[in-house]
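Worksheet: the structure to be examined is printed underneath.
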Amino acid sequence: MAKSTVGNTPKLNMLDDIGMILFRGDLKSKTLQNAIVEVNGVKVPARGKISTEDQTSLAWMSPDELLLFVPLERVGELIEDLNQKMGEEDTLIWDISDLRSVFEIEGNFIREVLAKNTPIDLNRDKMRKGTFRRTRFGQIAVAFWFESETKWFMICRRSESEYAQRLFEVSSIPSEIPSIF
Amino acid sequence: MLKLVCPYCGIEADETELISGGEAHLKREGPASTDDDFEGYLFLRNNPKGIIFERWRHAMGCGKWFHVARCTVTQEVFGTYPAQTHKPPSRIMEEIKSRRAGQVNGLNSDKAEKFS
Amino acid sequence: MGSVLKKYSLFSLVRQSLNYHTGWERAWKSPEPKESYDVVIVGAGGHGLATAYYLGKNHGINNVAILEKGWLGGGNTGRNTTIIRSNYLQDASAAIYEKSRSLYETLSQDLNYNIMFSPRGVIMLAQTHHEARGYQRINSANVIQGIKTEYILPERIKELCKIINIDCPRYPILGALWQPRGGTARHDAVAWGYARACSDIGMDIIQKCEVTGINPHANGAVELQTSRGKIRCQKLGMVVAGHSGVLAQKAGFRLPIESVALQALVSEPVKPCLDVVVMANTVHGYISQSDKGEMVIGGGADQYNNYSQRGSFIHIENTVRALVEMFPIISRLKMLRQWGGIVDMTGDRSPIISKTPVDNVFINCGWGTGGFKSIPGSGWAMAELMAKGEPGVLASPFSLDRFKEGRFIDESVAAGVAH
Amino acid sequence: MSTRLPNGGRLVNRTKVLNFRFNGRKLKGFEGDTVASALMANDQKVVGRSFKYHRPRGIFASGPEEPNALFTIGKDGEREPNQIGTTTELAEGLEVKSQNHWPTLETDVGSVANLGSNLIPAGFYYKTFMAPRQAWKYLFEPAIRQSAGLGQPPTEWDVDHYEHLYLHTDILVVGGGVAGLLATSLLAETGLRILLLEQSPNFGGRLVQDHADFGEGTSQDWVNSTLQELSSSKNVTMRSRTSVAGIYDHGFVIADERLPNTTGKKGYLKRRLWKIRAKRIVLAAGAIERPLCFAGNDIPGVRLASGVRDYLINYGVSPGDRTAIITNNDDAYRTAIALAESGLSVPLILDTRMEIRGTLPTKAKNLGLRIQPARGISEVLGKKAVSGLEMCSQVGEGTSLEKIGCESIAVSGGWSPTVHLWSHCNGKLKWDETKVMFVPDWTHPPIDSNGNQNIFPVGSANGYLQLHEITCQVEQIVRQVAREFDKDLPEIQLPHAQEITEDRCYGTWLIPYSMKPRKKMKAWVDYQNDVKVSDIDLAVLEGFESIEHSKRYTTLGMATDQGKTSNVNGIALVSHNLGIPMDKVGTTTFRPPYSPIPLGAIAGSAGKKLFKPIRKTPIDAWHVSQNAHWEPVSDWRRPYCYLLEGESVENAVNRETLRVRTTVGMLDATTLGKILVKGKDAAKFLDLIYTNAISTLKPGRCRYGLMCDENGFLMDDGVVARLDETTFLCHTTTGGADHIHGWLEDWLQCEWWDWRVYTANITDQYVQIGIAGPEARNVLDKIGGMDLGDETLPFMSWKKGILGGHEVQVYRISFSGELSFEISLRASEGLELWEKIHEAGQEFSIEPYGTEALHVLRAEKGFIMIGDETDGTIIPQDLGLDWAISRKKDDFLGKRGQQRSYLADPNRWKLVGLEVLDNDEPLPHGVYAQCETKSEFDHPRMEGRVTSTYYSPILKRPIAMGLVERGTERMGEVIKFNCGDKMIKAKIVSHIAYNTD
């Protein structure tokens, strides 16, 4: 039955200075896979996953798109490197560090707060560590993943950040969080 | 409220994560086409009361278009498949046949011929 | 045509009350189908019945059967939000919807059946500059078309509609297109009134009669296979809204039509607080309060092909969200019932009243989300087309060939919606 | 009198007294009471007035099926009409008001309608009020509206709030009665995710009040231990106070959770709308008791037998000292027994059946109760409260045999399974003649997306009323459900339920069978909507034979209870009238919601500032600081203009426009769409997307391009910059970015999928700053870092560089005719550069300008604006943009569409300028020009319209553009615009008004 959910309710913090690189190409290509590993030290993630090593995360966005999270100061050099390693292969590699906002969500009952606004299956056996889920949060497109039960991440378009923050705020009022997951 | 498996992401997507795009497998008619063919391409629709092959976009997800075989009466889904094809794959047609044994009348006759 | 039925009036009510209302006659007869008719109309909804009625009334064609797969008035006629207006932009639309609206004005008297036409006025809100300009444009066209509309400002809107939130934070109300003689009517009564009048002039309304096959070339006649036997006719009119494509296929042609679900809902009844019809197209919601006191609410159509008469909850949610934003007090009214209809959407969202590729087969469809308001005008125009074999002024622009020619009648151009 | 008994009431806490008011009167109840039980305990007989005849109505039932006890509850911003008293929990300080009467509940003027009820039967309004014609609008309709409606609508804004919650589950169990609890506890073993929802505050359903023992001990023990066991199951989620309202396709379910206000503060989370995806649904929604149709069956004091039992056992409330029972089944004897065991009097049990042999009647008999078989009620005595009844033979016409005094009558006409949710998604029903009820037809179940049955009714929802049957059947069905998940339930010992013998219910639809017409006008079928047996007769008589017709004609089942107690009786009466079986009459379609849900709950948290996202640029806060007047443009907000203190919008626009023309202005152009297109086939692809040739564009250069849809209609425009051989940056309109990106992807994914092109919508990555005006270059030079001279950066070219320390791309393009640059840089640095430019520009009197000045500037130069000059039916050729349509290309999107006869017609309306003759009078927006000739519709023919009209401050006169029939061939001609109250003449001129060379 319902447990009290008051205490350590989740907070949303915008993270600055995250470098992001858009990478479109044929994810099955050997050249691409090698280039990615060589440049980032992280393998191309499986479908619907995100893989992380140190400062770098690679997220599967679509069958021909990755999103690279890297230290901001290295974006330029990495893009150059990737472009060079991809050689003649068709790619689109672009610095999109400012395209989206990255949020860190910390606290308890994060699943419950998200479940108020997203139609995805947030049960623990479905939304697992390593899952990178693109979906909607209220009316805007976002993606979620997490490091631990009490530390999640969300990205959305920069221009929609305020909406995301406000919606999160009204969804995380301590006395109004149901205990579900 | 439909839910459809995005064949690219391999996950069930909620209708609110998707955008519908109407009948699939339309053949584009360009500048050389006749008035009739062009009208057919742009306007005339099978609009079946039964099984439709249609387009959906995983808009709040991977952004890809995919195709769905769905019954417009019962909302049964017979499968989804990537959009890069001119006709439904055979596994979809098999699924339809196995579930609708002997009553493919939901299918439009021209498509049924073409695809069976 | 001489009326066989006893006239409805206050006196007939008083007279019948003396024997506890056990002496009333059937509103319409329930005959067995004959083998052949001059005209068969498929579809006993508002449009089909109105077509039959005006075939008789305007053209003296009374040997008519109206076939209905289910119960009469059971399609979109009985499932809509009953809005009547004619503040359309394009000449062709303005003409037929205004014809329709003006027929509604006297329909109760014409049919001797109170269809409760209530010209309480329709407000279409402008909530972006673009929409405001669109409505000013419609208003300008209406001036020339002879349709009485007015572009009004927020103060006047608030006077007409006290419960509106005039300064919504997101989409402020900039103005509105106001049609004082638009309004509502009792939807079922429209079907029943036409049915009673058709039956009265000797037409056969045949319910639970599904058309299963059409042979357009049966020795100079059109022959229908139905669930109640074969029926022949000289001319066939298909007036079946969402099922037009299904019927057209039986006759051997395709239509520029897709059938989708359109949903509506009502709240529980409360005392009167909304005296006009309000349409808010930027946020996709419209609302009026029925005579019973229920808030009658509609919104945008579902996007995917659907024949199931039930739609997706997200559309209900979006519509309600929009209206709660516009009318904050309704948050505490409760949704009592929601339902869906199957509407037939054409390539330009305007209707089709037309000859078809098949001789002696005529079609009236594609009213999409605008069907109820057009019933009398549509029937009038369709009857003329079927009686003469050629379209009159009202029907002529709505022919099937306009898609091939690129001759759109697009009402969405001014403000983005067609309903 | 109905009163609180000294003892009993399993759900109330007698130590906690709650004060509340009913119509201003101070009353007391207990914690655990519903509003209805508290009112009954206070002997409130009349609780409301019926819809049409304003007849006094008393509490009739004890659950959501209640047709009568509807109240307006709360005050001010908390006030909510039409609350169901039988499901609303009592709370301290509650303000309860009865509804639909004037001036008071006791003396209601509206009840004159009751006197004339014979004159106004079902559908009377269709037959009258037709003359004189105007009278409907001005007299009859207002009168009808005023008397209709139930509660008063709220007048103030809601102080409380709402939210949604999505949950995915393997199995949803609807209903926490014995069947639901048992099903959940059996399924809990499987480890599947289970969600159990119960509409009332308490689990157990009817188990405890109807059965003393279940399982090892008392039924209450069983409920308690089951709940305890379930609450420790990790895979089970349970919620009470949560009513499942609707089931939609693909296992989507909505449920309405009522949250108690635990703190008593104003402005709390009042409702939570659950949006559930369930793979399988176990429907244990129970059943609802039916009333019987006899004369006077609506007089306050007549109640459902199950309700009487609930009030007695659950709340310790006596329905009155003497309760007569009328029934056609054995279950009502439970009420008789319970009353007798509480020490209350049961003077008579009328049973319409001939033979009565079951366990329960025998027990009643042994208690010394008087049972009268084959008897009915001729008429109930009393007006605002029951004072007695006249007994008659069931088979006759209703001759009174005996008068019985009583204050309360408990009615049972049998039970109807709650099949609403089964039916929402097309599950069919069948009439079970032996059980006398509509039961789920398992051969036509609702299905999931795979075509498999996804709802499994159990217990009384499936037509099983006997406890031992229910347990067996639950187990059997739950096993089947588990197997669908490849789970096997272990062999288990079901809780023991005592078997009792019951005679079958007998379908008694009229009491007495040959009821006279006069009595039929007093025998109610739908209590709230005032539908009588005579109304159903009338509907059938007039040919409204389809149940859908008779429902709509009589309004049967269309009240707030949606016919929960009346539908089956109505169907039976139609069947009886037509002489056809129940199955053939059929049922009306059940529609969501099962119980009404507040519109606020449906809207959820998305009110006020969350109604729709507002997209903001990184400069937004700066705009706010400069007193921006906003305009929504798609989801963005953009400054329309910036208001100086005391300045009007009009003056601000003029000032900003002149600023650009005379010195320099700056514009936040961030919202313009920016789509990257890259790949070996990018140029070939864009040649098909745009009407003009893009492949011939050189890297470093820009070109204005047009996009059409396949109809040929102009859809979007913008500047394309070629970044390198294979990379293009396509600018779109603000509103068009997402749509155009989707459009490009659509063609790439679905038509030309083997082409080597990638796209990306990178709009938000950049801030774009427009600098326009004669001093534009001077401002940027002052900031320094780039040579922006004509040689290095000619018109329609772009380059990269460092400006004021920021990496930028500078586009030399113009939408105003002035010297103009658009500077693009990463969004996070945008505000900094914006402020630098603003500061550097001070010596050139730089000012920000908004969208309206932008529009005036472009209109002065005759540039078109998507949405103003276009409306979805305009082709580029109409706008004189033939130069942007390549004749060399074989194909582009829209080319074929433009070849069609209507689009190729030389008489199409063309874009021209319009110069008003009477100088100061501007042309209004959207006005049409009319000719002397008539259209086919007999009104003046239209020959043109205004698409853009502004005051040009630089020209000091109004300017306008419009589309005019063959306009470009008619230069100098004067045409007349009909502006409603006057005609304005305008000369057709060039569409370029300013600086025409």
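Residue numbers begin at 1 in each chain, while the letters A, B, ... track the order of the sequences.
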Is [X] close to chain D through its backbone or its side chain, or both, or neither, when contacts mean heavy atoms under 4.5 Å?
{"X": "Asp95(A)", "value": "both"}
{"X": "Leu114(A)", "value": "neither"}
{"X": "Ile96(A)", "value": "both"}

So which atom in Ala164(A) and which in Ile140(A) form the shortest heavy-atom distance, rounded to 0.1 Å?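 Answer, listing the atom of Ala164(A) first, then Ile140(A): CB-CD1, 3.9 Å.
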Where on [X] is there a heavy atom nearer than 4.5 Å to chain A: the side chain, the backbone, both, or neither?
{"X": "Leu167(D)", "value": "side chain"}
{"X": "Thr759(D)", "value": "both"}
{"X": "Phe611(D)", "value": "backbone"}
{"X": "Lys234(D)", "value": "neither"}
{"X": "Asp620(D)", "value": "neither"}
{"X": "Ile614(D)", "value": "backbone"}

Between [X] and [Y], does at least one N-O distance fall below 4.0 Å, as a salt bridge requires?
{"X": "Asp121(A)", "Y": "Arg277(D)", "value": "no"}
{"X": "Asp635(D)", "Y": "Arg615(D)", "value": "no"}
{"X": "Glu169(A)", "Y": "Arg166(A)", "value": "no"}

I'd like to know which of [options] tops the heavy-atom pair count under 4.5 Å against chain A.
{"options": "Arg826(D), His164(D), Lys678(D), Glu829(D)", "answer": "Arg826(D)"}
{"options": "Leu676(D), Thr727(D), Thr763(D)", "answer": "Leu676(D)"}
{"options": "Leu273(D), Asp738(D), Thr262(D)", "answer": "Asp738(D)"}
{"options": "Thr237(D), Ile762(D), Thr671(D)", "answer": "Ile762(D)"}

_At a heavy-atom distance under 4.5 Å, which candidate from Thr91(A), Ile173(A), Leu122(A) has the highest pair count against chain D?_
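Of the options given, most contacts go to Thr91(A).
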- Among the options Glu162(A), Gln139(A), Glu160(A), pick out the one with the most heavy-atom pairs lying under 4.5 Å from chain D.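 If we count pairs closer than 4.5 Å to chain D, Gln139(A) comes out on top.
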Applying side chain to side chain contact (heavy atoms under 4.5 Å, CB included), run through Ser101(A) and Arg158(A) and close with a yes or a no.
-> CA-CA 5 Å; Ser101(A) 296; Arg158(A) 169 181 280 269; 4.3 Å; yes
Exercise. Classify the ring geometry between Trp752(D) and Phe685(D) as parallel (under 30°), tilted (30 to 60°) or perpendicular (over 60°).
Key: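 It falls in the perpendicular class, over 60°.
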- According to the interplanar angle, ranging from 0 to 90°, do the rings of Phe144(A) and Trp152(A) count as parallel (below 30°), tilted (30 to 60°) or perpendicular (above 60°)?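 Ring orientation of Phe144(A) relative to Trp152(A): perpendicular.
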* To do: Could you check if a side-chain atom of Val624(D) sits within less than 4.5 angstrom of a side-chain atom of Trp630(D), using non-hydrogen atoms only?
  =>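 In short, these two side chains touch, coming nearer than 4.5 Å.
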Worksheet item: Measuring from Leu82(A):CG to Ile93(A):CD1, what's the distance to the nearest 0.5 Å?
Response: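 Separation between the atoms: 5.0 Å.
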Subject >> Among Asn261(D), Leu259(D), Asp160(D), side chain to side chain contact (heavy atoms under 4.5 Å, CB included) partner for Lys270(D) >> reply: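 Among Asn261(D), Leu259(D), Asp160(D), the one that satisfies the side chain to side chain contact (heavy atoms under 4.5 Å, CB included) with Lys270(D) is Asp160(D).
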